[in-house]
Protein chains: 2
Amino acid sequence: MAKSGPAPTINDVARIAGVSKKTVSRVINRSPLLKQATREKVEKVIAELGYTPNPQARALALRRNFLLGLLHDNPNAQTVLNFQEGVLDAIRDTEFALVVRPVDRHSPAMLDDIRNFLELQRLYGVLILPPISENDELAALCREMGCGYVRMGSAALDEAEHLVQSNDREMVEAVVDYLVELGHERIGLIEGPAGFRSAFERREGFLAAMKRHGLDMPSEALVQGNYRFNSGVEAAHQLLSENPHVTAIFASNDEMAAGAYHAARERGVDVPTDLSLVGFDDSPIAAHIWPPMTTVGWPIREMAKAAALKLVAPDTAEAQPSNFPARLVTRNSVAPPAKKI
Amino acid sequence: MAKSGPAPTINDVARIAGVSKKTVSRVINRSPLLKQATREKVEKVIAELGYTPNPQARALALRRNFLLGLLHDNPNAQTVLNFQEGVLDAIRDTEFALVVRPVDRHSPAMLDDIRNFLELQRLYGVLILPPISENDELAALCREMGCGYVRMGSAALDEAEHLVQSNDREMVEAVVDYLVELGHERIGLIEGPAGFRSAFERREGFLAAMKRHGLDMPSEALVQGNYRFNSGVEAAHQLLSENPHVTAIFASNDEMAAGAYHAARERGVDVPTDLSLVGFDDSPIAAHIWPPMTTVGWPIREMAKAAALKLVAPDTAEAQPSNFPARLVTRNSVAPPAKKI
DNA sequence: TTGTAGGCGTTATCAG
DNA sequence: CTGATAACGCCTACAA
């Protein structure tokens, strides 16, 4: 182990091992043209000294920092935090660190801000969460600035090396199948906001499944929210007012689904007896609300880890999957329909 | 503005301004011993070139990175994320960036891990969230390593320059006062886990207020949880079984309070008619649960901003408050007691 | 396969 | 007050 005092530098290692700095540098960077004996000798000294290359010096020389950035404007705190944990799973015990950078999608200066940020911090790469990950200009900016990037999304937004994706469309189809199997025929949809690819995918999956089952989908049974709780309350009220025969509602995320619970209570509609509700995300609120909510869960943490590995270990990047399966989490917010028309 | 191409360096500025690098450096670092005319001349060139000092080079020369670290093991995602936002409010448009570092309180290697982390990244300073902020060894480690730090906590854990605190004890007393004013006399407490200072403070505040009002506090009316939802469910069941005359329960955080809602429903107890419930944190679940929960909110984001400023702007640090008032957020989970003994 | 010289962009030292 | 010169710790180019 290292003694206390100033940390050993590459010079110390070189001197003690009796080789040049460059040779030590080659060992660190796994240069292939090194004699095995030399490598082992140097590695022994490195271990004895507890030497770790100084990231600041490397950053200066390489013009590139050992920092991964997390760009996000996701409204779901748990999603963001799970993602952070996943990234840290990937970079634990490496010299990398994770810097976070919330962005404001609505600011006209957003791209310029990010440009400055990337230029200043010289990040090794960035991980981009939805919905901002759907912005192609942002991806182009990363490419232009020579900054690695991986986007997380609910559709094939980019090439495999720049993407980890969940298949939202398929999952929502599965949700509808499940509801239909239980006997539901009049199902409402609270969709997410325009401009969110996830909202688009989820709606398309819903509509496709309804059509496949030959089920009627009147336009009043589709109401738009903005992914926030309150919009779910309002959307559910509107949907239930215009469409009293609906026996189930799928909301495009858990927060809006929780809003729908809220509206149902205000109207004296019992969940799930009078109305089945399904959300999307499997966020904590789904488990904590009453009755516990049936929803769709996706493996954020694993996706985050894979995304980070694509950036920091490009050699194994090929081995990292880009597609991640979601799963239906059945709890108690769904029951066979009781209502008769 | 800068033209495209390589970013201008201190050499470019020096050459064009006709001064030495060191003089430019002095301008950047606001050295007091500079002639006004020289300073202005250099500043003009800096503005023209759109020059920004390279943080990597500064990090190497100063042996200190312009990075703030966030050390946390807080189970509440929204709290952590709000804190991140607050820190970013403080460092927006500066060269600082925020790196996150979840820690595992239960790992025996935790302190060593953090030591390595600080040594490797040479952070400018760290912000420490509760409950890990209550660990004095960690604070000592920061001091030993010459790393700035600010702790966030619910009590006076450290000197003002290293602390932003909320006064949980007072707030819980206010909660009890509120409940008593409404007529409650038999109030239960679901306290947080041992080892959490916040849990301790909240319990002490509760007990002090009960005593002050001359109210009886049988030991069965105090149950311990672990700040998680499930522990709230169990604690409420136990409390209600052993103490059926309780008309109100204060839970030490919102998540456990949400668990208490859950238990109440399972027992057919109506909130707030049969049982009033109060939480702590004002996390999203408090607003989204039914009926909306009365709770205690504290200004995390402002606290985070102040904490970050204490680190990055030590000159104004004195001006930053260390004490932040919480406030009672009254919603619909509290009503006068209806039960008769 | 290894070593030497020089550079990355900034700050510290110390003389002027 | 200002400037030459030498760090800071690592990497690239080129030479041997």
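Here is the naming used below: chain letters follow the sequence lines, and residue numbers restart at 1 for every chain.
- With distances taken from any side-chain atom of A:P53 to the nucleotides D:dG3, D:dC10, C:dT10, the minimum falls on D:dC10.
- Considering only side-chain N and O atoms, A:N29 lies under 4.0 angstrom from the phosphate OP1 or OP2 of D:dC11.
- To the nearest 0.5 Å, atoms CG (A:D73) and CD1 (A:I132) are separated by 5.0 Å.
- For A:K22, whose side chain is taken as the heavy atoms from C-beta onward, the closest listed nucleotide among D:dC10, D:dT2, C:dG3 is C:dG3.
- Between B:K21 and B:G18, the one whose closest nucleotide on DNA chain D sits nearer the 5' end is B:G18.
- The side chain of B:N11 has C:dT10 as its nearest neighbour among C:dT2, C:dA12, C:dT10.
- Regarding contacts with the backbone of D:dG3, a side-chain N or O of B:T23 is found under 4.0 angstrom from either OP1 or OP2.
- Phosphate contact (OP1/OP2 of D:dG3, side-chain N/O of B:S20, threshold under 4.0 Å): present.
- Atom pair A:R64:CZ and C:dC8:P shows a separation of 19 Å (rounding to whole Å applied).
- Whole-Å rounding puts the B:L34 CG to C:dT11 P distance at 13 Å.
- For B:E95 and C:dG9, the CD to P distance is 16 Å, given to the nearest whole Å.
- Atom CZ of A:R63 is separated from atom P of D:dC10 by 18 Å (rounded to the nearest Å).
- Remark: P of C:dG9 and CG of A:L60 are 7 Å apart, rounded to the nearest angstrom.
- Of the candidate nucleotides D:dC14, D:dC11, D:dG9, D:dC14 has the atom nearest to the side chain of A:R26.
- Both A:R58 and B:P32 sit near DNA chain D, but only B:P32 has its closest nucleotide nearer the 5' end.
- The line from CG of B:L311 to CG of B:L68 is 5.0 Å long, rounded to the nearest 0.5 Å.
- A donor-acceptor pair is defined here as one N or O able to donate and one able to accept, closer than 3.5 Å; no such pair exists between the side chain of A:N82 and the backbone of A:T79.
- As a whole-Å value, the separation of A:F66 CZ from D:dC11 C1' is 11 Å.
- Distances were taken from every side-chain heavy atom of B:K35 (C-beta onward) to each of D:dA13, D:dT2, C:dT10; the shortest belongs to D:dT2.
- Distances were taken from every side-chain heavy atom of B:A61 (C-beta onward) to each of C:dT13, D:dG9, C:dT11; the shortest belongs to C:dT11.
- Among the heavy atoms of the strands lying under 4.0 Å from B:T38 are primed sugar atoms or P, OP1, OP2 only; no base atom is included.
- Computed from coordinates, the A:L62 CG to D:dC10 P distance equals 11 Å when rounded to whole Å.
- Distances were taken from every side-chain heavy atom of A:V19 (C-beta onward) to each of C:dG3, C:dT11, D:dG3; the shortest belongs to C:dG3.
- Between A:H162 and A:Y149, the angle of the ring planes stays under 30°, which puts this pair in the parallel group of the 30/60° scheme.
- If you check C:dT11, C:dT10, C:dT4 against the side chain of B:S25, the one that comes closest is C:dT11.
- Side chain of B:S198 to main chain of B:S154: no donor-acceptor pair is present (N/O by atom type, distance under 3.5 Å, no hydrogens or angles).
- Across the protein-nucleic acid pair, B:R122 atom CZ and D:dG9 atom P stand 7 Å apart, rounded to whole Å.
- For A:N29 and A:R58, the side-chain atoms include at least one donor-acceptor pair closer than 3.5 Å.
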